[in-house]
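Below, chain A is the first sequence line, B the second, and so on; all start at residue 1. Side chains included, hydrogens not; waters and symmetry mates left out as well; all remaining heavy atoms used.
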2 protein chains.
Amino acid sequence: MIKYMEIANDIRNQIVKGILKPNEQLLFEKDLSKVYSSSKMTIKKALDILVAEGLIVKRRGSGTFVKSINSSEMDKLIVSNQFRGFSALYSGKKIDTEVLVFQVINCDEKIRTKLNLDEEQFVYNIVRVRSVNNVPYVIENTYMPINIIQGLKKAHANSSIYSYIEEDLGLKIQSSHRKISVRKSNSFEQEHLHLEAYDPVAIAEQVAYLENGTAFEYSISVHSYNYFSFETVIIR
Amino acid sequence: MIKYMEIANDIRNQIVKGILKPNEQLLFEKDLSKVYSSSKMTIKKALDILVAEGLIVKRRGSGTFVKSINSSEMDKLIVSNQFRGFSALYSGKKIDTEVLVFQVINCDEKIRTKLNLDEEQFVYNIVRVRSVNNVPYVIENTYMPINIIQGLKKAHANSSIYSYIEEDLGLKIQSSHRKISVRKSNSFEQEHLHLEAYDPVAIAEQVAYLENGTAFEYSISVHSYNYFSFETVIIR
DNA sequence: TAGTGGTCTAGACCACCGG
DNA sequence: CGGTGGTCTAGACCACTAA
C-alpha cells in the first residue's frame, strides 16, 4: 500500500530468504530509485526501516550492506521491537487463559497516575493466567478504564482483549512504555506458574497507548523465568 | 548542528521544562515550519524523533499533542532507548571496577558465530565487577576481537572500554542487539554481587556493532536483581 | 468542506569515503 | 577527485478529522 513499506518488505524478504547474503552490498540508493521507480528520499526511508530492524548498515561514502547475522536470529529481531498481545505473539500454538479475577474497581492513586485519570474513575481489573501448550507462562494483572474499553465481558478476557479492542471497538493501538525487572516469586505466583520456592520471575510493567495518545492499559505481567526473554535492537 | 535535531531538542526541552504541558496541542507543522524557518518535511522529521521517544502523539486531521505522562518519568524514557556503556550510564556517581579476568583466548564456536569471526581468531576476554557507590551492580563478561579493538590494556578495563574505543581508537559505535532473560544466581555471582542463596539475577546478552557494521563486542552481563530495570518504548 | 499530518518527488548542497 | 549517503527544500497529492 505505502510505497516505502513495500520496498522495505521486498528487500527484507531478499535478506531473510538469503538472496542478499550477509556482508553483501546492496545497490546504491540512486540505482534502487530506478529499480523501484521512486525518488531517492523514498528509498532512503525504506532502507532506514531495515536499519532500525538491525538488518542492514549504511556507510556514507561507501554504500549499504547486509549486516553479518546468521539468519536464524533474523526472525526474532524483526518481531522483537514490535508490540502485540499475548495471543498474537504465540499464534499457532495452543493458548489457554484462566481468568482469576474479573471486576470493576475504583482505581487507587498509582493506577490513576499511570492511566492519567480523574479521581472518581472506574477501571476493569483483570487477572489472568496464560498458558502455551498447557504450560503456564505468565500472570497478567491488567487495568483498563471502563469509559475507554467499553462493554468488555469475561468472554473477551478468556480469549484476546486486544482483538476485542481493535476489531470490535475499532480502536487503534499505537505504542507501549514497558519496564522490565526481576524479583523472587511469591507463593501465589509459585502456585499458578508451577514454580518451586525461590524460583525467580520477570516483571513486565506496561502502559499502553491508543493512536490518539490516551493511555488505555496499565498492566503488570509476571513471567515464569524459564519462558521469558526480551529482545531488542538499540540504535545510538 | 543538524537542523531537525536542533528543532527536536528545542521542543523536547519545552516539554521537559513544562512549557508545553501534558495533552497540550503543539503548533501545526505548517506553523512550526515558519517559526523555525524550515520546510514541512524537516519539521516532520524532528517531531518523529519525539514520537519515537514517546513524548508526543500525532493525529492526522487534528494535530500534534504532548503525551499524558508525568514529567518524573520523562527523563527515564529519553535515555532508555539509548545505548551507552556502564560508565556513561551512571556518570556523576562513584563507579568502581574490579577486573577479575583479563586475557586473550582462542574463541570457541559460540563466540565465533556471535562475532562472525574466522576459526583462528583471538579475542580479549574480560570479566569485571562494576559497582556504583560501593554497591556491586553487575558482572560483565566481555569478548572483543583483538584485531578490531587493538592495544587494549588492563588499565582501560579498569575504567571505560567504550571511551577507549571511541576516543583513543576513533571507532564509532552504532547499535546493539540485546536479549534479556532471568535465572537463579550461582555461588560465584552470589559472592561478587553480595547476594543470598536463591536470589535471582537478570541476564543481558548483547552483540554490539560499529558504524561499519562489524560486530566488535559480545557480552553477557549478570545484573543484581535489586539494581536492574530496563525501560523501552515500543511503537507498533 | 477546510485543514491536518502522511507520502512522494526532483533537485540542491553537504560530509564523508575510496582510489 | 567522483560518488556515496545525509540533509533540506518547495510543492504536489492523499487520507483523515472535525465542524
Side-chain angles (χ1 to χ4, degrees), chain A residues 1-11 23-52 55-67 166 169-175 209-214 235-236, chain B residues 1-11 23-52 55-67 166 169-175 209-214 235-236:
Chain A
M1 177 130 318
I2 294 165
K3 206 165 182 177
Y4 69 81
M5 272 296 184
E6 282 177 352
I7 297 169
N9 291 341
D10 188 49
I11 297 175
N23 297 315
E24 186 173 342
Q25 182 162 18
L26 275 71
L27 288 178
F28 300 128
E29 294 188 354
K30 172 173 60 69
D31 299 324
L32 285 173
S33 71
K34 284 168 192 160
V35 172
Y36 290 103
S37 323
S38 59
S39 76
K40 201 183 121 192
M41 283 289 282
T42 303
I43 296 294
K44 177 175 156 31
K45 208 167 176 185
L47 293 181
D48 281 346
I49 292 172
L50 303 182
V51 171
L55 290 174
I56 63 172
V57 181
K58 295 179 172 193
R59 300 178 209 166
R60 174 158 28 179
S62 308
T64 306
F65 302 82
V66 180
K67 236 183 195 174
E166 296 207 289
L169 292 180
L171 300 173
K172 285 179 186 163
I173 297 167
Q174 196 245 2
S175 66
Y209 296 84
L210 295 174
E211 205 170 47
N212 63 15
T214 53
I235 310 280
R236 260 209 162 171
Chain B
M1 177 126 318
I2 295 165
K3 206 165 182 177
Y4 70 81
M5 272 295 183
E6 281 177 354
I7 296 170
N9 290 341
D10 188 48
I11 297 174
N23 297 315
E24 187 175 341
Q25 183 163 19
L26 276 70
L27 289 177
F28 299 129
E29 294 188 350
K30 172 173 61 71
D31 299 325
L32 286 172
S33 71
K34 284 170 191 159
V35 172
Y36 291 102
S37 323
S38 58
S39 75
K40 200 183 121 190
M41 281 291 280
T42 303
I43 296 294
K44 176 172 156 39
K45 209 168 177 185
L47 293 182
D48 281 347
I49 292 171
L50 303 182
V51 171
L55 290 175
I56 62 172
V57 180
K58 294 175 168 197
R59 298 179 212 165
R60 173 152 38 173
S62 309
T64 306
F65 301 81
V66 180
K67 238 185 194 173
E166 297 207 289
L169 293 180
L171 300 173
K172 284 177 187 163
I173 297 167
Q174 197 246 3
S175 66
Y209 296 84
L210 296 173
E211 206 171 47
N212 63 14
T214 54
I235 310 280
R236 255 206 166 173

Give me the residues of residues 26-35 of chain B where at least one heavy atom lies under 4.0 Å from an atom of DNA chain C, by number, or none.
-> F28(B), E29(B), K30(B)
First encountered from the 5' end of DNA chain D, between G63(A) and M41(A) = G63(A)
Could you check if a side-chain atom of F65(B) sits within less than 4.5 angstrom of a side-chain atom of R59(B), using non-hydrogen atoms only?
-> yes
Measure the shortest side-chain to side-chain distance between V57(B) and T64(B) over non-hydrogen atoms and say whether it is less than 4.5 angstrom.
-> no
Nearest 0.5 Å please: distance from the CD1 atom of I11(B) over to the CG atom of L32(B).
-> 5.0 Å
Taking all atoms of both residues into account, what is the closest heavy-atom pair of A8(A) and I49(A), and its distance?
-> CB-CD1, 4.1 Å
Under 3.5 Å, N/O pairs linking protein and nucleotides 15-19 of chain D:
| from | atom 1 | to | atom 2 | distance (Å) |
| --- | --- | --- | --- | --- |
| dA15(D) | O4' | R60(B) | NH1 | 3.4 |
| dT17(D) | O4' | R60(B) | O | 3.4 |
| dT17(D) | O3' | S62(B) | OG | 3.1 |

Under 3.5 Å, is there a donor-acceptor pair between the side chain of E6(B) and the main chain of M1(B)?
-> yes
Describe the nucleic acid contact of K45(B) in one word from base, sugar-phosphate, nothing, applying a heavy-atom distance below 4.0 Å.
-> sugar-phosphate
Backbone N/O of S62(B) and side chain of Q25(B): donor-acceptor pair under 3.5 Å | yes
What nucleic acid atoms does K44(B) come within less than 4.0 Å of, heavy atoms only: base, sugar-phosphate, or nothing?
-> base
Mind jotting down which residue pairs meet the salt bridge (charged side-chain N to carboxylate O under 4.0 Å, His left out) criterion with at least one end in residues 28-40 of chain B? Sequence neighbours excluded, please.
-> E29(B)-K58(B)
Results of side chain to side chain contact (heavy atoms under 4.5 Å, CB included) for S38(A) - residues two or more places apart only = K3(A), I7(A), Y36(A), T42(A), I43(A)
Selection: residues 1-8 of chain B, any non-hydrogen atom under 4.0 Å of DNA chain C = none
So, do V66(B) and L55(B) sit near enough that their side-chain heavy atoms are less than 4.5 Å apart?
-> no
Compute whether any side-chain donor of one residue and acceptor of the other, for S39(B) and K44(B), lie under 3.5 angstrom apart.
-> no
On DNA chain C, which is the earliest and which the latest nucleotide, 5' to 3', with an atom closer than 4.0 Å to a heavy atom of chain A?
-> dT7(C) to dC17(C)
